[in-house]
Amino acid sequence: MVGAAVCRRLSQEPGVVLLTRPRDELDLCDDDAVARFVEKERPATVIFAAAKVGGIHANQSFPVEFLTDNLRQELSTIHASYRFGVRRFLFLGSTCIYPRLAQQPIREDQLLAGPLEPTNEAYALAKIAGLKLCQYFRQQYGVLYHSAMPTNLYGPGDNYHVEHSHVLPGLIRKFHEAKITGAPSVTIWGTGTPLREFLHVDDLADAIVHLCKLANPPDWVNVGTSVDISILELAKLIAKVVGYQGAITTDPSKPDGTPRKLTDTSLLRSTGWVPGVPLNEGLIRTYADFLEETQSGRLRSI
Ligand code: GFB
C-alpha cells in the first residue's frame with residue numbers, strides 16, 4: 001500500500017527513475033539477493049516501505065514473524081545500501097514504537113521512555129531497531145539515513161483480511177458485507193473506546209517526498225494528522241459511508257490495544273508539511289477504491 005502510493009507520488013516528480021521489485025523477484029529477507037540488487041542498480045535514494053504488517057490480532061498471533069521478518073528485511077537493506085554507496089535512506093516505521101502510555105500527543109522524544117504496548121511489541125521492537133540503525137549510520141558514517149514514523153494508515157491497496165487487517169479496512173469490509181447480506185448488526189472488537197488517528201496513504205507519500213527533499217531532516221519524525229477518533233465513532237462513520245443502517249455492537253472479549261496514540265506533528269509541520277486528506281473524504285475515496293478492487297479481483301486479503 002505505502003510503496004504503491006510513493007510510486008504514484010514520485011511519478012509526478014521530474015527526473016526520478018523508479019527502481020522497484022515485486023516480492024516474488026526480490027526477497028528482502030535474503031541478504032545476498034538484496035546486496036546483488038543494490039550493487040547492480042546503485043540507487044541514489046532508498047525509500048524503505050517494506051514490512052510485515054498487520055492489525056492487533058495479527059500482531060498478537062505472530063510475534064516471531066513480526067520481529068524476525070522485519071529485522072531481516074531492514075538489516076539486509078540498510079547494510080547493502082551503505083555498502084554500495086546509497087546516499088539517502090528513508091526508513092518507515094510506525095507510531096506503535098512509542099510507549100503504551102506515552103504522554104499525548106506523542107512527541108518524538110518519547111521514544112524508549114516507557115514500556116511498549118504488548119499487542120504490537122514485536123513489530124515495535126523491529127521498527128525501533130531500524131530507526132536506531134539509520135541514526136547510528138548517520139552519526140558514525142555521515143550518510144543521510146533518516147526515518148519517518150506514520151500513524152495508522154489507510155487507502156488504496158490496503159489489506160482487507162477479516163482477521164489480519166488493521167481496523168479501518170477491517171471495518172469497511174465488515175460493514176460492506178453486512179449491507180450486502182442484510183445482517184442486523186456488526187460487531188466491532190474491543191470496547192470501541194480506544195482512540196486512533198488515521199492518515200491517508202497518499203498524504204504519507206507526499207510527506208515522504210517532502211522529507212527526501214530536506215537537506216538536514218530530523219533523525220526521525222512523526223507523520224500524522226494530530227486528529228484522533230474513537231473506534232466506535234470510526235465504526236459509525238464507516239457505516240454511514242458504506243450505507244449500512246443496522247446496529248453496531250462491541251465485543252469486550254477482544255483486545256483494545258493501546259488506549260490512545262495521538263501524534264504530535266509539530267516537528268514535521270515546522271519543516272513546512274501539512275496533511276491534506278480529511279478522514280471523511282478519505283473514507284469515501286477508500287470505500288470507492290475497495291469496491292473497485294473487489295470488482296477487479298485486485299482486493300488484497302492476506
Ligand atoms: O489497526 P488496529 O488493528 O491496531 O486497531 P492498532 C485495533 C483497534 O481497533 C483495537 C479495534 O482497539 C481493536 O479492538 N477494532 C475493532 C478492530 N474492530 C476491529 C476489527 O475488525 N479489526 C481490527 N484490526 N481492529 C497497530 C499495530 O495497532 O497499529 C501495528 O498492531 C501498526 O503494528 C499499526 O503499528 C499502525 O492501531 O491497535
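Note that the structure is predicted; figures quoted are calculated from it, not measured. Every number for a ligand or one of its atoms is a count from 1 in the order of the listing. Throughout, residue positions are numbered sequentially from 1 according to the sequence presented.
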Check: Do NZ/NE/NH1/NH2 and the carboxylate oxygens of Asp206 and Arg9 come within less than 4.0 Å?
Finding: yes
Margin query: Applying salt bridge (charged side-chain N to carboxylate O under 4.0 Å, His left out) as the test, list every pair that has at least one member in residues 134-162; sequence neighbours left out.
Written below: Arg138-Asp219
Check: Do you see a donor-acceptor pair shorter than 3.5 Å between the side chains of Thr263 and Thr95?
Finding: no
Checklist line | Pocket residues of ligand 1, ordered first by chain and then by residue number (heavy-atom cut-off under 4.0 Å) | finding: Gly54, Gly55, Ile56, Asn59, Ser94, Cys96, Asn120, Tyr123, Asn152, Ser165, His166, Val167, Leu171, Lys174, Ile188, Trp189, Gly190, Pro194, Arg196, Ile231, Pro255, Asp256, Lys261
Check: Counting heavy atoms not belonging to Arg23, are there more than 12 under 6.0 Å from its CZ?
Finding: no
Checklist line | Asp202/Arg8 salt bridge by N-O under 4.0 Å criterion | finding: yes
Check: Would Lys52 count as a cation-pi partner of Phe66, with NZ or CZ less than 6.0 Å from the six-membered ring centre and within 45° of the ring normal?
Finding: yes
